[in-house]
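One structure is given here, and the rest of the page talks about it.
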Amino acid sequence: MKLLPLVFIVGETASGKSKLAIDLALKFNGEIINADSWAVYRGFDIGTAKPSVEERRLVPHHLFDVADPLAGYSAAIFKRMAGECIEDIYTRKKLPIIVGGTGLYIDSIIYNYIFLPGSNLKERSYLETLKLDDLKTMVNKYGFDSTGIDLNNKRRVIRLIENKGKRPQSSPMRKNILILGLKVDAANLENNIKKRVKRMLNDGLEREVKRLVNKYGWDIEPMKGIGYRQFKDYFNGHITYDQLRELIISDTIKLVKKQKTWFKRNKSIHWLHNSSQSVELITTFLNKSYI
RNA sequence: GGCGUCGUGGCGGAGUGGUUACGCAGAGGUCUGCAAAACCUUUUACACCGGUUCAAUUCCGGUCGGCGCCU
């Protein structure tokens, strides 16, 4: 059985993925699936640069606002939901376009990751209280195979214990996919990020953060994101508004570097330099596929 | 002008007569239920000149610069 065609648009923050996705969805009768780990949270709108109401009216957008900030989210949940969306879009004879900058989420679909069961909250919070050395001792005691596990990384060791030594699975790259990558050169990127952050602040990011903090406090996971956590010091008076803005900008640049590192290793990405290229690539791709 | 004090890599900040402290930033990388996370590797220095010493960033003298006090 041949898999139906699937298009990905990946790349770093502020590279223009969302806009390209809308253009392509309009042109190729597509629907957009979000693969950004922060835009899934309800209420986290401005800081995550979610598409506007008008944009969402133009093209169906999926997997935005699907997570309760208190409940959290994960790559495994994303993979399941995205799978459902993809099937759903196929039944409508439309083209799914997965768009996002979270490498792990993208890979979970490309390589069909089979995640192991989630963690037990009680066990997790207990394991988190232990020191890394104790966790390692535990691994040895139970005889779990730690080959390939980063034993300096507490989270990985905890996962190994939770999984009782079992390892997750993956498959070779999914067939019949097209991965488009958006890249911006360093000088422009920094400029884009500066503009983007200024825009967010003008659009009322401060109000949004204030509202979210009042509702959830600082400790929930999505509050630790860029454009949110930096406000804590600002509200406390430890930094000025200018410092706040610069901090958000530099943290965004750091994020972009990590995103680049992730996508660099996927040799199947077609890196684009202009949007017309993407139209040609998809046209060719769809001619070889069938819906 | 005199006395004292300080002068460490992009920034912050230890320390020593003879193995690069360290943190941040920078560079590279890992990545399967927190991934905008977590973790790993790594570049850059001891203001300048002279002296003592087998050996000086570390001791001594001077120069320059910062800071403080005094006249």
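- Counting non-hydrogen atoms under 4.0 angstrom, A/Gln169 reaches a base of the nucleic acid.
- Note on A/Lys254: a side-chain N or O is less than 4.0 Å away from OP1 or OP2 of B/A25.
- As judged by a 4.0 angstrom heavy-atom cut-off over every strand, A/Phe78 is placed among residues making no nucleic acid contact.
- Between the side chains of A/Ser52 and A/Glu55, at least one donor N or O sits under 3.5 Å from an acceptor N or O.
- The partner of B/G68 is B/C3, judged by Watson-Crick or G-U wobble contacts that both fall below 3.5 Å.
- Between A/Lys224 and B/A35 there is no side-chain polar atom (N or O) within less than 4.0 angstrom of OP1 or OP2.
- Within the model, atoms CZ of A/Arg92 and CG of A/Asn29 stand 10.5 Å from one another, a figure rounded to the nearest 0.5 Å.
- No contact: A/Asp107 has no heavy atom under 4.0 Å from any strand.
- Of the nucleotides present, B/U63 is the one that pairs with B/A47 by Watson-Crick or G-U wobble criteria, both distances under 3.5 Å.
- B/G26 is paired with B/U42 under the criterion used here, namely a Watson-Crick or G-U wobble arrangement in which both key atom distances are under 3.5 Å.
- Between A/Asp150 atom CG and B/A38 atom C1' the separation is 9 Å, expressed in whole Å.
- Residues A/Glu206 and A/Tyr234 form a side-chain contact, since some pair of their non-hydrogen atoms from C-beta on lies under 4.5 Å apart.
- The interatomic distance linking A/Leu135 (CG) with B/C39 (C1') rounds to 14 Å, in whole Å.
- In this structure, OH of A/Tyr111 is placed 13 Å from C1' of B/U32, rounded to the nearest angstrom.
- Ring orientation note: the planes of A/Trp218 and A/Phe235 are tilted relative to one another, at an angle of 30° to 60°.
- Rounded to an integer number of Å, the gap from A/Ile110 CD1 to B/C31 P is 15 Å.
- Remark: P of B/G33 and CD1 of A/Ile161 are 14 Å apart, rounded to the nearest angstrom.
- B/A38 and B/U43 have their P atoms separated by 24 Å, given to the nearest Å.
- Within the 4.0 Å cut-off from OP1 or OP2 of B/G29, not a single side-chain nitrogen or oxygen of A/Lys260 is found.
- Note: CZ (A/Arg167) to C1' (B/C31) measures 13 Å, nearest angstrom.
- Computed from coordinates, the A/Ile77 CD1 to B/G33 P distance equals 12 Å when rounded to whole Å.
- In this structure, A/Arg265 reaches the B/C31 phosphate: one of its side-chain N or O atoms is under 4.0 Å from OP1 or OP2.
- The phosphate of B/G29 has neither OP1 nor OP2 within less than 4.0 Å of any side-chain N or O from A/Lys257.
- Between A/Ser250 and A/Pro168, the residue anchored closer to the 5' end of RNA chain B is A/Ser250, taking for each the nucleotide with the nearest heavy atom.
- The base of B/C39 has none of its N or O atoms less than 3.5 Å from a complementary donor or acceptor on the side chain of A/Arg155.
- B/C59 sits 13 Å from B/U5 when the P atoms are compared, rounded to a whole Å.
- In the hydrophobic clustering of this structure, A/Leu116 does not group with A/Tyr73; members are Ile, Leu, Val, Met, Phe, Trp, Tyr whose side-chain heavy atoms approach within less than 4.5 Å, directly or through other members.
- B/C11 and B/G18 have their C1' atoms separated by 30 Å, given to the nearest Å.
- Side-chain proximity of A/Thr261 to the nucleotides B/A35, B/G33, B/C31 is greatest for B/C31.
- The side chain of A/Lys79 contributes no N or O atom lying less than 4.0 Å from OP1 or OP2 of B/U32.
- Across B/A56 and B/U52, the matching C1' atoms stand 10 Å from one another, rounded to whole Å.
- B/C54 is paired with B/G18 under the Watson-Crick or G-U wobble criterion, all donor-acceptor distances under 3.5 Å.
- At B/C34, none of the side-chain N or O atoms of A/Tyr73 fall inside 4.0 Å of OP1 or OP2 (strictly under the cut-off).
- The base-pairing partner of B/C34, taking Watson-Crick or G-U wobble contacts with both distances under 3.5 Å, does not exist among the strands shown.
- Here OG of A/Ser268 is found 10.5 Å from CG of A/Leu178. Values are rounded to the nearest 0.5 Å.
- The base of B/U32 sits with one of its N or O atoms less than 3.5 Å from a complementary donor or acceptor on the side chain of A/Ser170.
- Listed nucleotides B/C39, B/G33, B/U30 differ in distance to A/Asn152; the shortest reach to its side chain belongs to B/C39.
- Both A/Leu247 and A/Val213 are members of a single hydrophobic cluster when ILVMFWY side chains are connected at heavy-atom separations under 4.5 Å.
- Here the separation of B/G61 from B/U41, taken at their P atoms, is 43 Å to the nearest Å.
- Nucleotides B/U53 and B/C60 are separated by 16 Å at their P atoms, to the nearest Å.
- A donor-acceptor pair is defined here as one N or O able to donate and one able to accept, closer than 3.5 Å; no such pair exists between the side chain of A/Lys79 and the backbone of A/Tyr105.
- As judged by a 4.0 angstrom heavy-atom cut-off over every strand, A/Pro222 is placed among residues making no nucleic acid contact.
- A/Glu128 comes within contact range of at least one nucleobase, with a heavy-atom separation under 4.0 Å.
- Using a 4.0 Å heavy-atom distance criterion, A/Lys166 is classed as making no nucleic acid contact.
- For the P atoms, the distance from B/C48 to B/G9 is 10 Å, rounded to whole Å.
- A gap of 11 Å separates the C1' atoms of B/A14 and B/G23, to the nearest Å.
- If you check B/A35, B/C34, B/C31 against the side chain of A/Glu221, the one that comes closest is B/C34.
- No path of Ile, Leu, Val, Met, Phe, Trp and Tyr side chains, each step under 4.5 Å between heavy atoms, connects A/Ile226 with A/Phe64, placing them in separate hydrophobic clusters.
- Here the P atom of nucleotide B/G33 and the NZ atom of A/Lys154 are 17 Å apart, to the nearest Å.
- Note on A/Arg124: every side-chain N or O is 4.0 Å or more away from OP1 and OP2 of B/G33.
- Nearer to the 5' terminus of RNA chain B, by closest-nucleotide assignment, is the contact made by A/Ile114 (compared with the other of A/Gly47 and A/Ile114).
- Across all strands shown, A/Thr48 has heavy atoms under 4.0 Å from base atoms, whether or not it also approaches the sugar-phosphate.
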